[in-house]
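Only one structure is covered here, and it is reproduced in the block below.
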Amino acid sequence: MFERLAIQASSFAGDIDGLILLIAVLVGFWFIVAEGMFFWLIWRFRERPDQKSQYITGKEKHLKRWVTIPHALVLVCDVFIIIGAVRVWYDVKQHLPEPDTVIRVEGQQWAWVFQHPGPDNELDTGDDIWTTDDLYVEVDRTYHFRLSSRDVLHNFSVPAFRLKQDAVPGRTITGWFHATSTGTYDIQCAEICGIGHGVMAGRINIQDAETHASWMSENATTTAAQ
Amino acid sequence: MTEHIDQTAPHDAGEHHDDGHHDVNYAKIYVALLVLLVISILGPELGITWVTLITAFGIALVKATMVINNFMHLKWEKNFIKWALVVSLLFVALFFFGVAPDVMKHDGLRWVNDAAIASVERGIEPPHGEEGEHAAEDGEGEDHAEEGDDTTVEGEGATETVAAAFSAPDAYSATCATCHGPNGGGDGPGAAALDPQPASFATTEFWDGVTRESMVNVIQNGGAAEGLSAAMPAWGALYSDDEIQQIVDYVETFQP
Amino acid sequence: MQKPIATTRSASGIPTGRLAIWWLLASEIVIFGGLLACYLLFRLGHPEWADAAAVTNTAIGATNTFVLLTSSFTAVLAHQAAERGDGKKAARFLVFTIIGACLFLGIKSYEWWYEISHGYTITSNGFWSFYYTAAGLHAAHVIAGAIAMGFVAKDAAQGKELQRVELVGIYWHFVDVVWIFLFPLLYIAK
Amino acid sequence: MAQATTAPVQDTHGHDTHGHHDEGWFKKYFWSTDHKMIAKQYLWTSIFMAVVGGLMAYVFRMQLAFPGIEVPGFGLVSPGEYNALITNHGSIMIFWVAMPMLIAAWGNFLIPLMIGADDMVFPRINRLSFQIFLISAILILASLFVQGGGFGGAWTSYPPLSANPEYNLTGLGASIWLIAVALEFVAFLLGGINFIVTLMNSRAPGMKAYDIPVTVWMIVIASILFMLSVGPLIAGAIMLLFDQTLNTGFYDPARGGDPILWQHLFWFFGHPEVYVVLLPAIGFVIDIIATFARKKLFGYKIMVYTAVATAVLSFFVWAHHQFIAGIDPRMANVFTVTTLLISVPIAELLFVIIATLYGGSIKFTTPMLWALSFVATFLIGGVTGIFLGASGSDIYLHDTYFVLAHFHYTFFPIAIIGGFAAFTYWFPKMFGTMLDETLGKIHFWGTVIPFQFIFIPLFALGLGGQHRRIYNFQNFPELASMQPLRVTATLALIVMILFQLVFFWNLFRSLRSKEKAPMNPWKANTLEWTTPSPPPHGNWPPDQMPKVYRGPYEYSVPDRDTDYWPQNEPS
């Protein structure tokens with residue numbers, strides 16, 4: 001059932017999963033400590049005939065420690081999480097490695113339109129390949145995508161890449177990915193875009209260099225023929 | 001906020017128990033406000049930017065302060081009232097500065113707001129009234145002019161090459177195939193969500209029921225224009241009349 | 001109905017009605033503030049809006065500023081009269097303020113009619129959308145204030161609920177202050 | 001304490017020129033200005049809306065678990081209907097259930113009683129605010145039945161989808177939805193001003209700032225928070241309404257507008273809104289835990305300060321909802337830091353609640369069970385929020401079922417568990433009879449256990465990359481295989497809904513019961529327990545209004561016969 005959790009098909013998928021794991025360990029620790037303390041106190045101080053309730057104001061120094069020290073430790077954990085989060089965020093969303101290929105992705109109700117640069121590797125030339133809902137990329141190449149939308153908000157999300165970015169009408173947003181394994185993965189729309197949101201599914205086909213080249217020559221010629 | 005108030009005894013709800021009256025010469029303040037108003041109108045007439053800004057907004061601030069302090073008597077009010085008002089203003093400022101990097105600016109790290117840049121370049125078009133009263137009177141004409149704007153903006157985003165290299169099959173696969181299917185069978189990926197189902201161009205029933213004019217009208221103005229499904233969007237903003245004719249030509253190739 | 005005991009208490013040291021009015025104004029500040037912050041965000045990002053702003057009629061805007069300042073002045077005189085216990089005089093000044101409000105709305109209607117008939121409608125472009133929305137929201141407050149003052153003046157003329165003259169006055173000055181900022185934002189800055 | 005009920009307070013209408021005995025049905029139940037009646041009106045409306053919202057969840061959960069079936073009682077769910085259901089489920093549960101239940105109903109009922117006043121300061125504005133609220137509730141329900149169907153653009157209502165009928169295909173539904181939400185805001189602004197002024201001005205003689213029960217503090221802080229955050233959104237809603245109806249272009253990029261602006265306006269309000277409903281729930285929980293642990297609060301002032309700190313900080317975090325929505329990526333770093341900082345005061349609040357249990361003598365009554373389960377469950381919602389507040393992991397988790405499960409783990413404890421805690425605790429005061437403890441406990445376990453089985457599978461689905469608001473996951477090959485988790489969640493929901501019948505049966509029995517509740521059944525300190533159950537009109541006789549001598553949590557004070565010490569008892 002969870003086989004797809006293991007799929008990491010992009011260069012930064014591992015970083016994001018690592019961050020999730022780091023947070024899971026840190027907050028998991030606090031969660032278990034807090035819940036454990038909570039249930040133990042409930043059990044220990046349940047109503048018993050031989051036990052009277054104590055009068056504690058919370059101003060007692062030796063008791064106040066039990067709140068202030070964990071409190072400071074929470075802050076320390078926060079700092080670790082912030083550092084991890086900002087590093088991953090910088091790599092994925094701020095830093096932009098040099099592209100090998102640039103593609104254009106446009107969302108519309110309710111399909112993805114992909115513009116591949118074709119054999120000459122340049123957009124907006126005669127041999128561009130346009131496809132709907134099927135994106136073809138080559139493995140181990142760095143891609144930039146220029147994301148826009150024709151009508152409403154959409155979201156270009158490839159769970160296997162751990163990649164997600166809103167497509168905003170009127171704006172062009174640039175992102176990148178670097179596929180690391182071949183295969184066909186889901187592209188989901190992750191921003192509600194009308195009644196067809198649930199069918200706005202695309203596929204990303206990651207091909208090895210050879211397959212990709214033959215796909216490209218096949219489709220570039222048919223487009224030219226039309 | 002209220003912790004300093006000692007109130008061992010209930011206060012009487014006297015209407016004006018704390019401040020009978022303030023010794024303000026209201027007439028003097030009124031005259032001062034009028035003088036400031038005159039300055040704020042005359043200042044910008046000089047046409048110097050910084051004078052305009054100071055006279056317009058600096059004086060607005062001074063006038064507002066005078067009204068708030070003297071007419072609203074905030075000067076004599078308790079401090080927590082002042083705090084409440086200042087805090088609400090601060091939150092507005094927070095909102096402004098939090099949003100400015102995204103909305104006020106038109107580009108940033110890895111994003112460009114093409115539409116806003118295009119709108120700045122386009123400038124303000126003369127109102128319809130300048131060219132001829134009838135255009136402004138006519139609601140339809142106005143709508144059309146606005147949709148014309150759309151085209152320019154889309155053109156900016158997708159660059160001119162797209163417009164130059166218009167081909168009906170490309171336009172069909174980019175715009176129509178989502179629902180009507182790559183071969184016009186009404187079986188595109190979007191079709192599953194639609195009720196009524198999108199038209200299939202591969203059936204004779206479809207071609208019995210339409211004229212060329214009605215098809216052009218639906219593509220241009222949407223399905224609702226012909227009493228059909230409102231899910232069919234209007235594409236008149238995206239394609240010119242001529243291009244729509246070409247698309248209809250292409251759709252006719254699906255005819256069985 | 002008579003007031004509950006709760007209404008007559010004043011633990012904060014400010015009479016209940018006035019405290020409520022201040023909180024009401026705090027909530028109004030964020031409403032108008034939000035709208036004007038949005039306007040400023042667009043205005044600073046769109047220098048071309050200055051061309052649209054150039055069309056607005058400063059003379060009419062200035063006249064309306066004058067009318068509102070004057071009505072604020074009569075409102076504060078009403079408050080002064082109410083403080084001295086002279087309900088009749090307070091009511092008379094409030095009536096002047098209401099006349100000011102009506103004059104303001106009349107001038108506003110003429111201005112809008114003129115602009116709309118020359119093709120500058122709410123859909124013309126972003127500037128005009130904000131122009132009509134901000135001024136319209138303000139005008140709605142003017143109408144609400146005028147109606148409230150009508151009720152307060154009716155009571156005050158009979159010497160009842162004189163503290164309300166001050167409350168409605170504070171609200172009215174706030175409406176005035178909003179206009180003081182709208183005037184340069186929509187009319188003067190070109 | 002039973003003898004206390006026999007002391008009848010006969011003529012409490014001393015300050016009211018006409019008694020309330022002989023009034024017609026309409027005047028008594030609909031036109032009343034009595035804060036207790038208005039509280040009941042809010043309560044019944046919100047319970048009704050909760051039933052509506054719950055049944056909506058049933059319909060779309062059935063569609064998700066068994067796609068394409070005829071849902072019993074509803075029929076086939078089309079994509080348009082599915083979107084309308086999820087949109088209105090979200091809107092109703094937040095604006096018409098959580099807010100009226102936690103703030104309006106209990107705020108109206110408790111604030112005057114807890115601070116020793118006879119009513120709110122502006123009873124007629126109070127009535128007006130309920131009437132506006134009722135109209136908004138009717139409108140939101142009506143919007144489902146207009147031509148084109150209910151609005152389906154999600155409760156966040158992002159333009160251009162929400163702004164343009166050509167995109168959402170529900171032009172009328174969208175506008176009515178928007179008007180209903182705006183009216184609800186107006187109702188709560190009026191109500192909030194009333195709460196704030198009542199607390200500031202009408203406290204019983206002797207009640208200083210730190211003698212106010214935490215519940216009242218929390219409701220009033222929440223009201224201020226709501227008031228200061230909602231303003232820009234009201235302006236934004238007017239702009240959106242004009243976009244929908246007058247064809248303006250505030251959010252239309254083609255005409256110089258900007259769709260991102262709405263997202264900022266919405267979340268500038270939307271995030272503080274979470275704390276608007278959280279704080280009152282925490283207030284109830286604190287009051288209940290102190291009563292049933294027979295303990296003074298561990299650090300009353302810390303509690304109030306952290307609540308204020310949370311409220312202020314909540315204004316600085318809104319854009320964490322928009323990390324991948326097209327905002328400038330550099331801003332995300334700022335909001336990651338502020339978001340994680342807000343975990344500090346919230347952790348402090350929970351630590352203080354847990355510390356209050358230390359050294360207590362805990363009685364497991366139904367309200368106490370609800371209050372304790374609030375802490376245990378909310379903790380899960382709190383820690384999962386860290387994954388979403390950290391920008392790096394949010395890239396993957398944004399808009400997945402992980403988000404959905406996270407905020408249900410916060411809103412469910414807040415609105416449902418907190419609501420039931422308050423309901424079971426103050427029920428005797430409000431209606432004058434006791435709820436059945438056995439039925440109450442059956443209902444408690446029957447609600448809390450299925451809840452975990454609904455949402456823990458959804459966390460797993462979210463980690464598996466399943467996105468929200470999709471009506472049929474069979475269209476996504478990678479997600480189709482996780483169907484068993486969806487079925488588990490749906491079955492658990494049905495079980496939970498069935499257990500609510502126990503609650504309604506319990507409620508029905510108690511309302512019909514002739515057995516009167518005592519004045520102070522829980523032996524609590526706060527002022528509402530010093531008047532008969534239910535309190536008469538005016539709460540106390542005008543000449544016997546309570547005076548306050550001490551704080552609200554003086555339980556188990558050494559050297560006293562009883563383990564509680566009411567606030568109004570002279571020392």
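The chains referred to below are lettered A, B, ... by the order of the sequence lines, with proteins before strands, and numbering in each begins at 1. Computed from a predicted structure; not experimentally measured.
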Which region of C:Thr70, side chain (C-beta onward) or backbone (N, CA, C, O), has a non-hydrogen atom less than 4.5 Å from a non-hydrogen atom of chain B, or is it both or neither? both
In this structure, which one of B:Leu33, B:Val38, B:Leu34 forms a side chain to side chain contact (heavy atoms under 4.5 Å, CB included) with C:Phe66? B:Leu34
When rounded to the nearest 0.5 angstrom, what distance separates NE2 in B:His73 from NE2 in C:His79? 5.5 Å
Taking side chain as C-beta onward, heavy atoms only, is C:Ile29 less than 4.5 Å from B:Phe91? no
Against chain B, label C:Leu40 side chain, backbone, both or neither, depending on which of its atoms sit under 4.5 Å from a heavy atom there. both
Heavy-atom proximity to chain C below 4.5 Å, by part of B:Ala93: neither
Answer with side chain, backbone, both or neither: which region of C:Leu77 has an atom nearer than 4.5 Å to a non-hydrogen atom of chain B? side chain
To the nearest 0.5 Å, what is the distance between NE2 (C:His173) and CG (B:Asn70)? 10.0 Å
Write down the atom of C:Pro184, the atom of B:Ala60, and the distance for their closest heavy-atom approach. CG-CB, 3.9 Å
How long is the gap from CZ on C:Phe32 to OG on B:Ser88, to the nearest 0.5 Å? 13.5 Å
In terms of heavy-atom proximity below 4.5 Å to chain C, should B:Ile81 be classed as side chain, backbone, both, or neither? side chain
When only pairs under 4.5 Å are counted, which of B:Met72, B:His106, B:Lys63, B:Lys105 shares the most heavy-atom pairs with chain C? B:Met72
Closest approach of B:Ile41 to C:Ala62 (non-hydrogen atoms, all atoms of both residues): CD1-CB, 3.2 Å
Quick one: pull up CE in B:Met104 and CZ in C:Arg43 and give me the separation to the nearest 0.5 Å. 13.0 Å
Top of B:Phe57, B:Phe96, B:Tyr30 for chain C proximity - count of heavy-atom pairs under 4.5 angstrom: B:Tyr30
Per-residue contact mode, B:Leu61 against chain C (heavy atom under 4.5 angstrom): both
B:Arg122 CZ to C:His46 NE2 distance, which is reported to the nearest 0.5 Å: 9.5 Å
Interface moiety of B:Leu37 toward chain C, non-hydrogen atoms closer than 4.5 Å: side chain
Taking side chain as everything from C-beta outward and backbone as N, CA, C, O, which of these in C:Phe73 sits under 4.5 Å from a heavy atom of chain B? Side chain, backbone, both or neither. both
Side chain / backbone / both / neither for B:Phe71 at chain C, heavy atoms under 4.5 Å: both
Please look at C:Val177 and chain B and tell me whether the side chain, the backbone, both or neither of the residue comes under 4.5 angstrom of a heavy atom of that chain. side chain
Greatest number of non-hydrogen atom pairs under 4.5 angstrom with chain C, of B:Leu53, B:Ile29, B:Leu74, falls to B:Leu74
Going from OH on B:Tyr26 to OG on C:Ser72, what distance comes out if it is rounded to the nearest 0.5 angstrom? 11.5 Å
Would you mind checking which part of C:Tyr187 comes under 4.5 Å of any heavy atom in chain B, side chain (CB onward), backbone (N, CA, C, O), both or neither? neither
Quick check on the interface: out of C:Gly61, C:Gly17, C:Gly33, C:Gly45, who has the most heavy-atom pairs with chain B under 4.5 Å? C:Gly45
